[in-house]
Amino acid sequence: QVQLVESGGGLVQAGGSLRLTCAASGRTFDSYDMAWFRQGPGREREPVAHIRWSSGNTYYADSVKGRFTISRDNAKNTVYLQMNLLKPEDTAVYYCAAKWQTSLKYDYWGQGTQVTVSS
């Protein structure tokens, strides 16, 4: 029922910024939670940020708190991840994910977009 497509990745220098975009299909996402995950080379997938579509309440991993901001645009059915003060350790494939708000698991996933931060 939900389809997600990420874009906006690229190569940036340390200290720079990128904004990732997740285009979501569906009539409404009012009862869904959306999230960004990432997986660096040779590392496990980890959550980065979550947002409850209806309320806008957010969660951030400690490693990105104060640097990254997750947001959504209701008119465009789009979720964003604004990434500032990027570090080389932020290098990873970033994935958009979605779930019913009462579910524990994220069941819908995008294809991923590569973010590379050079030192």
Side-chain angles (χ1 to χ4, degrees):
Q1 191 70 26
V2 176
Q3 297 183 52
L4 309 171
V5 179
E6 304 97 331
S7 62
L11 174 64
V12 297
Q13 290 185 274
S17 298
L18 278 177
R19 188 179 75 165
L20 305 184
T21 297
C22 175
S25 66
R27 294 188 298 274
T28 179
F29 292 90
D30 194 58
S31 298
Y32 282 81
D33 294 336
M34 309 292 290
W36 289 94
F37 291 76
R38 69 185 181 186
Q39 186 169 15
R43 305 188 67 176
E44 298 295 316
R45 185 187 66 191
E46 63 178 352
V48 175
H50 304 252
I51 186 168
R52 178 147 290 181
W53 193 276
S54 58
S55 67
N57 289 345
T58 58
Y59 158 85
Y60 298 95
D62 288 341
S63 60
V64 307
K65 191 173 297 182
R67 299 188 297 120
F68 291 10
T69 302
I70 188 171
S71 61
R72 85 271 197 241
D73 185 329
N74 291 341
K76 297 181 178 180
N77 283 348
T78 299
V79 178
Y80 303 98
L81 185 68
Q82 179 66 48
M83 305 185 295
N84 299 322
L85 299 172
L86 283 162
K87 306 174 180 179
E89 50 263 44
D90 295 319
T91 295
V93 177
Y94 284 72
Y95 297 91
C96 184
K99 70 176 183 69
W100 177 253
Q101 65 182 13
T102 59
S103 176
L104 185 62
K105 295 182 61 178
Y106 280 86
D107 297 320
Y108 304 94
W109 295 85
Q111 83 288 350
T113 185
Q114 176 71 46
V115 172
T116 303
V117 184
S118 62
S119 60

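This one's a predicted model, so the numbers in the text were calculated from it and none came from an experiment.
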Closest non-hydrogen atom pair, [X] against [Y]:
| X | Y | result |
| --- | --- | --- |
| Gln114 | Ala92 | NE2-O, 3.5 Å |
| Gln111 | Leu4 | OE1-O, 3.9 Å |
| Ser17 | Gln82 | CB-NE2, 4.0 Å |

Looking at [X] and [Y], would you say the former's side chain and the latter's main chain have a donor-acceptor pair under 3.5 Å?
| X | Y | answer |
| --- | --- | --- |
| Gln3 | Ala24 | no |
| Thr91 | Val117 | yes |
| Arg45 | Gln39 | no |
| Glu6 | Gly112 | yes |
| Arg52 | Gln101 | yes |
| Thr78 | Lys76 | yes |

For the residue pair Trp100 and Tyr32, does the interplanar ring angle fall in the parallel (under 30°), tilted (30 to 60°) or perpendicular (over 60°) class?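 Ring orientation, 0 to 90° scale: perpendicular.
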*Taking the inter-plane angle between the rings of His50 and Tyr106 on a 0 to 90° scale, is it parallel (under 30°), tilted (30 to 60°) or perpendicular (over 60°)?*
tilted
Requested in this report: Test the Arg19-Tyr80 pair against the cation-pi criterion, namely NZ or CZ under 6.0 angstrom from the six-membered ring centroid and within 45° of the ring axis.
Outcome: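 Here Arg19 passes the 6.0 Å and 45° test against Tyr80.
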Have a look at Gln13 and tell me which of Ser119, Pro88, Ser118 forms a side chain to side chain contact (heavy atoms under 4.5 Å, CB included) with it.
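Going through Ser119, Pro88, Ser118 one by one, the side chain to side chain contact (heavy atoms under 4.5 Å, CB included) with Gln13 is satisfied by Ser118 alone.
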Q. Among Leu81, Thr113, Val64, which residue meets the side chain to side chain contact (heavy atoms under 4.5 Å, CB included) test with Arg38?
A.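 Of the listed options, the one satisfying the test is Val64.
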So [Y] and [X], do their side chains get closer than 4.5 Å, heavy atoms only?
| X | Y | answer |
| --- | --- | --- |
| Val115 | Leu18 | yes |
| Trp53 | Asn74 | yes |
| Thr69 | Tyr60 | yes |
| Cys96 | Met34 | yes |

So, taking the atom named CD1 in Ile51 and the one named SG in Cys22, what distance separates them when rounded to the nearest 0.5 Å?
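Between atom CD1 of Ile51 and atom SG of Cys22 there are 11.5 Å.
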Tell me, with the steps shown, if Lys65 and Asp62 meet salt bridge (charged side-chain N to carboxylate O under 4.0 Å, His left out). CA-CA 5 Å; Lys65 191 173 297 182; Asp62 288 341; 3.6 Å; yes
- Given side chain to side chain contact (heavy atoms under 4.5 Å, CB included), test Met83 with Asp90 step by step and report yes or no. CA-CA 9 Å; Met83 305 185 295; Asp90 295 319; over 6 Å; no
Do Tyr95 and Phe29 sit in the same hydrophobic cluster, where Ile, Leu, Val, Met, Phe, Trp and Tyr count as joined when their side-chain heavy atoms come under 4.5 Å apart? no
### Query
Can you get from Val93 to Phe37 by hopping between Ile, Leu, Val, Met, Phe, Trp and Tyr side chains that sit under 4.5 Å apart?
yes
Margin query: Checking side-chain polar atoms at under 3.5 Å, does Asp30 have a donor or acceptor matched by the opposite partner on Ser54?
Written below: no
Where do Trp36 and Phe68 land on the ring-ring contact (aromatic ring centres under 6.0 Å, His included) test, with the steps shown first? CA-CA 11 Å; Trp36 289 94; Phe68 291 10; 10.0 Å; no
List the steps and the verdict of side chain to side chain contact (heavy atoms under 4.5 Å, CB included) for Val12 and Thr116.
CA-CA 6 Å; Val12 297; Thr116 303; over 6 Å; no
(message) Applying salt bridge (charged side-chain N to carboxylate O under 4.0 Å, His left out) to Asp33 and Lys99, what does each step give before you reach the verdict?
(response) CA-CA 5 Å; Asp33 294 336; Lys99 70 176 183 69; 2.9 Å; yes
